Amino acid sequence: MEKFDPAKDNVLARLGSDEFVFACHCPSEAACLEKMQGLQAAFAKEEIALDGQRLS
């Protein structure tokens, strides 16, 4: 089994129904902000459809 390395490994967990937490290591506040903005942009591009309707 590989050892968990918080300096390079990210963690995504579901806390309950629609509550999630994402933990990652960032060397600085600026790097963290950049990473979170990138994730936000990636999620904004995703299209989810349910029963023929687009969800945002």
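Source: prediction; values computed, not measured. Quick note: residue numbers are just sequence positions, from 1.
The number of heavy-atom neighbours closer than 6.0 Å to CZ of Phe20, taken from other residues, nucleotides and ligands shown, is above 12. The neighbour count for Glu19 CD, taken as heavy atoms of other residues, nucleotides or ligands under 6.0 Å away, is above 12.
Nearest heavy atom pair, residue Cys26 against residue Cys32, reads SG-CA, 3.2 Å. Scanning all heavy atoms of the two residues, the minimum distance from Asn10 to Lys35 falls at OD1-NZ, 3.9 Å.
Note: the hydrophobic cluster containing Ile48 also contains Leu50 (ILVMFWY, side chain heavy atoms under 4.5 Å, direct or indirect links). Residues Leu39 and Leu12 share a hydrophobic cluster, clusters being chains of Ile/Leu/Val/Met/Phe/Trp/Tyr side chains in contact below 4.5 Å.
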